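The block underneath contains the structure these notes are about, expressed in structure tokens.
For clarity, every value in this text was computed on a predicted model and none was experimentally measured. Numbers restart at 1 for each chain; the letters A, B, ... are given by sequence-line order, proteins then strands.
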There are 2 protein chains.
Amino acid sequence: MLSSSSKYAVNAVLYLAVHSNDKNKIRAKEIAEAIKLPSPFLSKLLQSLSRENLISSSKGPTGGFYLTKQALNTPLIEVVNIIDGTSRLEDCVLGLKKCSSEQPCPVHYSVQPLKQKFRKELQENISVFAEKVKNGEAYLFV
Amino acid sequence: MLSSSSKYAVNAVLYLAVHSNDKNKIRAKEIAEAIKLPSPFLSKLLQSLSRENLISSSKGPTGGFYLTKQALNTPLIEVVNIIDGTSRLEDCVLGLKKCSSEQPCPVHYSVQPLKQKFRKELQENISVFAEKVKNGEAYLFV
DNA sequence: AAAAATTAAGACAATTAAGTCCCAAAATTA
DNA sequence: TAATTTTGGGACTTAATTGTCTTAATTTTT
Ligand code: FES
Ligand code: FES
């Protein structure tokens with residue numbers, strides 16, 4: 001559904017949403033340990049997100065990654081879009097060149113509305129999902 | 001969502017459902033040409049399905065692959081289960097070890113019901129989807 | 001100004017998925 | 001029975017994804 005890289009990135013971003021702000025930056029290594037991930041690999045994902053300005057970073061001692069308040073109001077799906085591209089969630093389930101009702105595949109009408117809802121659910125802002133973790137309604141990296 | 005192999009396999013099975021029966025077997029090569037796929041690769045997928053008795057085959061001249069009437073009444077999702085295994089559609093979207101409401105990930109309640117509906121839609125028998133192709137309501141390999 | 005800590009970038013390695021090839025086994029035809 | 005045609009199975013190759021390592025750039029501390 002999502003690539004492994006995307007899953008890691010979403011977890012990391014939500015970890016930042018819960019634990020960081022512009023006064024409290026978090027090093028890649030710390031996130032990697034928290035979400036049990038190889039730290040060099042996570043670094044690369046964080047760099048991609050930073051390059052696209054979805055997360056912020058600063059170098060040197062006391063440096064690290066963090067989310068601005070503005071970033072908290074970004075749809076979570078942006079993380080996936082940056083890492084995986086959009087097509088993964090939009091393409092035809094059976095591999096037709098284009099998913100459309102003009103040339104629908106046999107499962108189109110069964111499945112396309114669900115794909116659309118899926119994307120819509122992930123349009124919810126990062127802060128909404130982060131709140132669930134803060135409230136103890138949801139868990140990261142279990 | 002599905003692996004490429006699974007997509008190919010579903011297409012091929014639906015092609016068989018539409019065009020074959022126990023009197024009219026179809027060679028791997030013919031299917032491969034129809035759905036524009038490398039024939040050796042498709043052969044391997046068909047062999048996997050045949051080994052699990054989802055499709056039938058016979059060797060030699062006039063041989064080929066076909067679906068029995070019984071096979072037509074198999075849920076389409078079985079094709080995916082044989083090629084991809086079940087976990088791809090059941091695992092946690094964010095990669096938690098287990099998808100459950102006891103330890104839900106932040107997107108669980110947004111997404112898990114959709115995953116479940118997705119699987120349910122694909123529980124429909126192969127014949128149901130094949131009918132859509134016969135009626136011209138749906139298309140294969142466009 | 002020098003040392004230390006951190007992100008940035010890109011080359012490199014390992015693993016997995018996708019695709020190819022070869023030969024054996026079985027069935028048909030002649 | 002011999003030749004032909006097809007599936008069956010496994011080894012092999014290629015491509016994509018995942019993961020590692022090294023070095024440079026930037027910032028802070030001393
Ligand atoms: S055409 Fe296949 S999912 Fe829409
Ligand atoms: S726990 Fe993540 S989708 Fe259910």
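In this structure, the side chains of Ile77(A) and Thr86(A) stay at 4.5 Å or more apart for every pair of heavy atoms.
Distance Leu42(A) CG to dT20(D) P: 11 Å, rounded to the nearest Å. Phe41(B) places its CZ atom 13 Å from the C1' atom of dT13(D), with the value rounded to the nearest Å. Distance, Met1(A) CE to dT17(D) P: 18 Å, rounded to whole Å. Taking atom NZ on Lys25(B) and atom P on dT5(D), their separation rounds to 18 Å, with Å as the unit. The CG-P distance, from Leu45(A) to dT20(D), rounds to 12 Å in whole Å.
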One character per nucleotide, please: for nucleotides 3-16 of chain C, 5' to 3', B when the base has a protein heavy atom closer than 4.0 Å, S when only the sugar-phosphate does, - otherwise.
--BBBBB-------
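Interatomic distance, Thr68(A) OG1 to Leu54(A) CG, rounded to the nearest 0.5 Å: 9.0 Å. Within the model, atoms SG of Cys99(A) and CD of Gln112(A) stand 5.0 Å from one another, a figure rounded to the nearest 0.5 Å. Rounding to the nearest 0.5 Å gives a distance of 8.0 Å between CG of Leu94(A) and CG of Leu140(B). Considering CG of Asn81(B) and CD of Glu52(B), their distance stands at 10.5 Å, rounded to 0.5 Å.
Under a 3.5 Å cut-off, the side chain of Ser20(A) and the backbone N or O of Leu67(A) do form a donor-acceptor pair. Between the side chain of Lys115(B) and the backbone N or O of Glu90(B), at least one donor-acceptor pair lies under 3.5 Å.
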Using a 3.5 Å cut-off and no angle test, enumerate the donor-acceptor pairs between side-chain atoms of residues 22-37 of chain B and protein atoms at least two apart in sequence or in another chain.
| unit_1 | atom_1 | unit_2 | atom_2 | d |
| --- | --- | --- | --- | --- |
| Asn24(B) | ND2 | His19(B) | O | 3.1 |

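Interface residues of residues 4-12 of chain A facing DNA chain D, ordered by number: Ser4(A), Ser5(A), Tyr8(A); criterion, heavy-atom separation under 4.0 Å.
Using Watson-Crick or G-U wobble geometry with both donor-acceptor distances under 3.5 Å, dA24(D) finds its partner in dT7(C).
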